[in-house]
Amino acid sequence: MFKRTLIGLIRSHETTGEKAKDPALKTRYYKLSMDQVWDEVTNMFKKMNGYKLLHEVRNVGEIVVERRTMTGRTQDITLTLFGINPVKTAIDIYSASRGSLGDLGSNYRTILEIYKQLDKRLAAHKIQE
């Protein structure tokens with residue numbers, strides 16, 4: 001976590017993906033249809049404190065959320081859902097802080113928090129890749 005804070009001195013964004021070096025930032029896969037995962041994700045954000053659901057484009061698979069940090073900065077978070085096949089869905093997250101300077105690792109921590117909530121809600125359907 002200390003390393004992430006140091007990286008966050010200059011960087012104000014974080015992203016997940018297939019080729020992420022950090023295992024915590026790897027794409028998550030769930031054995032559910034995209035529609036089921038979509039409903040779970042949107043319902044989750046409606047109930048989570050501090051998050052505001054801004055925009056949903058179901059046919060593109062994009063959900064945009066806003067979050068205010070403890071320091072008052074705003075984070076723009078984009079979740080991208082990919083329907084791999086009728087019963088398998090992948091989720092990637094991109095989080096960026098508005099303003100100049102770094103984020104001190106807050107985008108990294110935000111992504112981990114979102115993945116933790118998703119894994120809790122969809123634990124029975126998570127696929128280890």
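Residues take their numbers from the sequence shown, with the count starting at 1. The basis for the numbers below is simple: all heavy atoms, side chains too, and nothing from hydrogens, waters or symmetry mates.
Side-chain atoms of Asp92 and Thr80 form no donor-acceptor pair, as typed in the model, at a separation below 3.5 Å.
Ion pairing between Arg58 and Asp39 holds under the 4.0 Å rule for side-chain N and carboxylate O.
Side-chain contact between Asn43 and Arg121 is present, with at least one heavy-atom pair separated by less than 4.5 Å. The shortest distance between side-chain heavy atoms of Lys88 and Ile127 falls below 4.5 Å. Inter-residue side-chain proximity for His125 and Val37 is flagged as unmet; no heavy-atom pair is nearer than 4.5 Å. Residues Tyr94 and Ile77 are not in side-chain contact: their nearest non-hydrogen atoms beyond the backbone lie 4.5 Å or more apart. For the pair Glu66/Arg98, a side-chain contact is recorded, criterion being any heavy-atom separation below 4.5 Å from C-beta on. Inter-residue side-chain proximity for Phe45 and Leu79 is flagged as met; some heavy-atom pair is nearer than 4.5 Å. Side-chain contact between Asn107 and Gln75 is present, with heavy atoms from C-beta onward closer than 4.5 Å.
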For Val87 and Tyr30, what are the C-alpha separation, side-chain angles and deciding distance, and is it a side chain to side chain contact (heavy atoms under 4.5 Å, CB included)? CA-CA 8 Å; Val87 291; Tyr30 299 97; over 6 Å; no
Between Glu113 and Tyr108, is the side-chain hydrogen bond (donor to acceptor under 3.5 Å, both in side chains) condition met? List the steps. CA-CA 9 Å; Glu113 179 185 349; Tyr108 176 76; over 6 Å; no
Might you work through the side chain to side chain contact (heavy atoms under 4.5 Å, CB included) test for Thr78 and Ile63, ending with a clear yes or no? CA-CA 6 Å; Thr78 304; Ile63 299 171; over 6 Å; no
Mind running side chain to side chain contact (heavy atoms under 4.5 Å, CB included) on Ile114 and Met44 for me, showing each step along the way? CA-CA 9 Å; Ile114 292 169; Met44 178 184 83; 4.2 Å; yes
So Thr110 and Arg67, side-chain hydrogen bond (donor to acceptor under 3.5 Å, both in side chains) or not? Walk me through it. CA-CA 9 Å; Thr110 296; Arg67 176 179 187 253; 3.0 Å; yes
Trace of the side-chain hydrogen bond (donor to acceptor under 3.5 Å, both in side chains) decision for Ser97 with Arg73: CA-CA 7 Å; Ser97 295; Arg73 290 183 74 179; 4.7 Å; no
Given side chain to side chain contact (heavy atoms under 4.5 Å, CB included), test Arg28 with Leu118 step by step and report yes or no. CA-CA 9 Å; Arg28 292 292 203 280; Leu118 283 170; over 6 Å; no
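Between atom NZ of residue Lys47 and atom CG of residue Leu53 there is a gap of 13.0 Å, rounded to the nearest 0.5 Å. From Glu14, atom CD reaches atom CG of Asp22 across 8.0 Å, with rounding to the nearest 0.5 Å. Residue Gln117 holds its CD atom at 12.0 Å from CG of Leu112, rounded to the nearest 0.5 Å.
One hydrophobic cluster holds both Val65 and Tyr115 under the rule that ILVMFWY side chains link at heavy-atom gaps under 4.5 Å.
Listed for the Gln36 side chain is a donor-acceptor partner under 3.5 Å among the backbone atoms of Ser33. Between the Thr16 side chain and the Ile93 main chain, a donor and an acceptor come within less than 3.5 Å of each other. Remark: the backbone N or O of Leu32 is paired with a side-chain donor or acceptor of Thr89 at under 3.5 angstrom.
Of all heavy-atom pairs spanning Met34 and Gly61, the tightest one is CE-CA, 3.5 Å. Considering all non-hydrogen atoms of both residues, Thr27 and Gly17 come closest at OG1-C, 3.1 Å.
Within 6.0 Å of atom NZ in Lys126, more than 12 heavy atoms from other residues, nucleotides or ligands are found, so the atom counts as buried in its surroundings.
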